[in-house]
Chemist: 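I'd like to ask you about the structure that follows.
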Amino acid sequence: MLKGPDAFRTISEAADELGVPQHVLRFWETKFSFIRPMKRAGGRRFYRRQDLDVLRGVRSLLHEEGYTIKGVQRLHKEQGVRRLMAAAGGEVDPGLLAELEAAEADAQRTVDLLDTDLPAAEAAGPAGMTPETRARLKAALDEMRAVKTRLDALLAQTPSADS
């Protein structure tokens with residue numbers, strides 16, 4: 001049965017479409033923070049067309065261009081999702097891409113905030129965490145959740161190269 005270009009794909013459908021085994025997609029999720037399929041009850045993964053475009057780029061970089069996992073991670077960190085999608089030949093609406101990249105920058109600032117707070121919290125231990133540190137960590141977590149929601153919404157709006 002053929003699905004429309006905007007239909008969600010299960011992990012088996014995504015794996016077939018990308019020409020990689022399912023376990024490779026699950027492995028890539030652990031190595032690349034930007035690969036985040038939707039998950040439903042029971043942990044079932046559903047891939048959007050934008051997820052597939054990014055995965056095509058990752059596959060191309062790893063399997064065709066000879067990048068290592070660390071190389072793809074570095075490329076994403078330095079050039080963002082635009083470069084990954086370009087590796088797959090996909091194009092993204094410039095306005096949506098700017099919003100997506102801004103959301104990624106927000107997420108990085110939050111991670112940086114967590115990195116500065118965590119050493120003090122770890123040194124104090126859970127019981128010794130100051131109320132200020134606890135509040136800052138909670139604020140950072142809330143901000144990360146908001147950024148994730150924003151990224152998911154932007155990815156759902158991003159047009160595929162197929163359309």
Chemist: Would E29 and R36 count as a side chain to side chain contact (heavy atoms under 4.5 Å, CB included) if you check the C-alpha gap in whole Å, the side-chain angles of each, and the deciding distance to 0.1 Å?
Modeler: CA-CA 7 Å; E29 279 181 50; R36 292 180 301 268; over 6 Å; no
Chemist: Is F27 linked to L25 within one hydrophobic cluster, defined over Ile, Leu, Val, Met, Phe, Trp and Tyr using a side-chain heavy-atom separation of less than 4.5 Å?
Modeler: yes
Chemist: Look at the rings of F32 and W28 and say which category their plane angle falls in: under 30° parallel, 30 to 60° tilted, over 60° perpendicular.
Modeler: perpendicular
Chemist: For residues L52 and F8: do they belong to one hydrophobic cluster (side chain heavy atoms under 4.5 Å, members Ile, Leu, Val, Met, Phe, Trp, Tyr)?
Modeler: no
Chemist: A side-chain contact here means heavy atoms from C-beta on lying under 4.5 Å apart; do V81 and F34 qualify?
Modeler: no
Chemist: Between CG of L151 and CE of M144, what distance do you get to the nearest 0.5 Å?
Modeler: 10.0 Å
Chemist: With the threshold set at 4.0 Å, does a side-chain nitrogen-carboxylate oxygen contact exist between E65 and R83?
Modeler: yes
Chemist: Closest approach of A87 and G57, non-hydrogen atoms and distance?
Modeler: CB-O, 3.9 Å
Chemist: Would L75 end up clustered with I69 when hydrophobic side chains under 4.5 Å apart are linked, directly or stepwise?
Modeler: yes
Chemist: Once you round to the nearest 0.5 Å, how far does NZ of K70 lie from NZ of K77?
Modeler: 11.0 Å
Chemist: V72 vs H76, test: side chain to side chain contact (heavy atoms under 4.5 Å, CB included). Steps then yes/no.
Modeler: CA-CA 6 Å; V72 174; H76 176 259; 5.5 Å; no
Chemist: Using modelled atom types and a 3.5 Å cut-off, is there a donor and acceptor pairing between side-chain atoms of E64 and backbone atoms of L61?
Modeler: no
Chemist: What distance do F46 atom CZ and D51 atom CG have between them, rounded to the nearest 0.5 Å?
Modeler: 12.5 Å
Chemist: In the structure I gave you, are the side-chain heavy atoms of K31 and Q73 within less than 4.5 Å of one another anywhere?
Modeler: yes
Chemist: I'd like to check T68 versus L62 (side-chain heavy atoms, cut-off strictly below 4.5 Å). Are they in contact?
Modeler: no
Chemist: Ignoring hydrogens and geometry, is there a side-chain-to-backbone donor-acceptor pair from R44 to A41 under 3.5 Å?
Modeler: no
Chemist: Short question: side chain of R59, backbone of L18 - any donor-acceptor pair under 3.5 Å?
Modeler: yes
Chemist: Quick one: are T30 and R26 in side-chain contact, heavy atoms under 4.5 Å?
Modeler: no
Chemist: Applying side chain to side chain contact (heavy atoms under 4.5 Å, CB included), run through R45 and R9 and close with a yes or a no.
Modeler: CA-CA 8 Å; R45 292 165 171 81; R9 304 291 197 272; over 6 Å; no
